[in-house]
Amino acid sequence: MAEKLKPAERLKKDRVPMRAQEPEERINNFLEVPFGYSLQEAIEEAQRCLQCKPPYCVAGCPADVRIPEFIEKIIEEDIKGAFLEIKKTNALPAVCGRVCPQEEQCEGACIMNKKGKPIAIGRLERYVADWARELNYSDAKKASVRLNKKVAIVGSGPAGLACASDLAKLGYDVTIYEALHKAGGVLVYGIPEFRLPKAIVDYEVDQIKELGVEINLNYVIGLTKSVDELIQEYDAVFLANGAGAPSFLNIPGENLNGVYSASEFLTRSNLMKAYEFPNYATPIRVGERAVVVGGGNVAMDAVRTAKRLGAKEAIIVYRRSRKEMPARAEEIEHAEEEGIKFELLTNPVKVLGDEYGNVVGIECVRMELGEPDESGRRRPKEIKGSNFVIDTDTVIVAIGQSANPIVARSATGVETNKWGYFVADENGKTTHPKVWAGGDIVTGAATVILAVGAGKKAAKSIHETLSRQ
Ligand code: FAD
């Protein structure tokens, strides 16, 4: 067991950095960028935790992870104990430890922010979850009580998986219906391998299957079966089909060869493994120069993927300034380190093509920031006459996703709002008494941990409702 330091000593210690692949090396491969902590590094970082009572970090975590308890176990060198503490509330620790915006959640609420840097909660969670995976350790076992009640879940992203895991542990028969050929939602088709290796997602999905959850792949609800039919067959239905329909710029030239939505580009690369072509049969054409339009996480993933796929120059075109970019700070920094060029305060107005219909450039206009809009961010305004052309072989549009109406169309009595998202209360209850909804299909594109939190709340509410019947 490692030494427990006195509070004054803890305050003096600096946050333990995480080793990572060098930028010039990593732009040539799809291996994960950070290496993760060693046991010694994890203990050193855990020793900084003040074990506050009440723990502010837990209040900042939508999955209620028992943060002080698992950190204490790391200091005791009881990593299995730490893993079991995390798994009490979070079915996806290796995923969340890697991709959660911790700076806005648990780490944002950490009291150490007042003295310097917060405890690296995400990195510690990742360390513990990786320990379990490397040893092939699983705590998953089927519930000893069977409630003989059936729940259908539409979508196997973080919301669906979290809901399935909690309900299966309580003794429900849970079936997930997933449109794609692989479970995990954005975790497998959107977030690239170099940020979230797919073997890690598979491992956590397998643990949920070990609880007895059945996953029906290649099963499109709204086509193969309707939500109305699920309502007839099951005691409850949880809709967690995400916000997967890409938004477009609606500018001339957007139909030219070489223009992708970020969804298509990333799905081709991640899920269809285009980055391993010719070992996998999905080709992807990037060319010498790629322009990605957008400033969020999706744009950063797309531009960094384009660079790794061989683009000599990969450029972000974003209509506001760096300060307003919605991507996580770490993702922007990683992109900068990798030589990604940023054309800020720039908006595309037209995609240009050659006589064969292939992209050859993108015409843009410079912008300036005006008064704040409804989102509180300063509204970008066009600078008249500032048009210029960026020569490019590829344009990737990463300006947001919205609801695909296919599920809602087959769900009688389940209300949607004007954007097509399901209307649900804080427990995920919709306007239909047997239907709950959560994750991006309720909130619009958000985060993994918010989807996990929504899945957990819906599971609790479904259990409360079905227990009364
Ligand atoms: P999803 O993950 O979208 O899962 C929905 C599932 O439903 C999918 O598997 C889909 O195939 C399935 N489905 C859809 N329609 C049907 C149907 N008709 N029948 C059956 N199944 C259906 N968040 C972070 O916290 N950190 C990040 O770093 C981050 N990076 C991101 C990068 C990218 C490229 C993208 C696109 C998103 C990123 N996000 C990130 C956001 C995060 O991934 C989402 O908020 C989260 O995955 C939402 O979870 P969900 O379960 O609601 O939906």
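Keep in mind that this is a model prediction, so the values were computed, not measured. Indexing begins at 1, ligand by ligand and atom by atom, following the structure's order.
When only modelled atom types and interatomic distance are considered, E415 and T430 share no side-chain donor-acceptor pair under 3.5 Å. Using a 3.5 Å distance cut-off with no hydrogens or angles, the side chains of T267 and E264 do not pair a donor with an acceptor. With 3.5 Å as the limit, one finds a donor-acceptor pair spanning the side chains of T412 and D228.
For atom 28 (O) of ligand 1, the nearest non-hydrogen atom from the set K182, R328, R195, K225 belongs to R195. Taking only non-hydrogen atoms, the option from N241, I191, L187, I153 nearest to atom 13 (N) of ligand 1 is N241. Taking all heavy atoms of V298, L180, I441 into account, the minimum distance to atom 33 (C) of ligand 1 is reached by V298.
Contacts with ligand 1 closer than 4.0 Å are made by side-chain heavy atoms of V407 only, the backbone lying farther away. Residue V99 touches ligand 1 through backbone and side chain together, judged by heavy-atom distances below 4.0 Å. At a heavy-atom distance under 4.0 Å, atoms from both the backbone and the side chain of V448 approach ligand 1. The proximity of A451 to ligand 1, defined as any non-hydrogen pair under 4.0 Å, is limited to the side chain. Of the heavy atoms in L266, only side-chain atoms (C-beta onward) come closer than 4.0 Å to ligand 1.
We find that E336 and R322 are joined by a salt bridge, their nearest charged nitrogen and carboxylate oxygen being less than 4.0 Å apart. Salt bridge status for R320 with D373: present, with a side-chain N to carboxylate O gap under 4.0 Å. The existence of a salt bridge linking D235 and K434 is excluded, since no basic side-chain nitrogen approaches an acidic carboxylate oxygen closer than 4.0 Å.
Closest to atom 43 (O) of ligand 1, if we only count protein heavy atoms, is V186 CG1, 3.1 Å. Ranking protein heavy atoms by distance to atom 9 (O) of ligand 1, first place goes to E178 OE1, 2.6 Å. Shortest contact from atom 4 (O) of ligand 1 to any protein heavy atom: G157 CA, 3.4 Å.
Ligand 1 has an N or O atom lying under 3.5 Å from an N or O atom of A446, backbone or side chain.
Proximity of I221 to K225: side-chain heavy atoms (C-beta onward) are separated by under 4.5 Å at one or more points.
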N/O donor-acceptor pairs under 3.5 Å from side chains in residues 418-428, not counting sequence neighbours:
from, atom 1, to, atom 2, distance (Å)
D425, OD1, N427, N, 2.8
D425, OD1, G428, N, 3.1
D425, OD1, K429, N, 3.0

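Contact between P101 and ligand 1 is present, with at least one heavy atom of the residue lying under 4.0 Å from the ligand.
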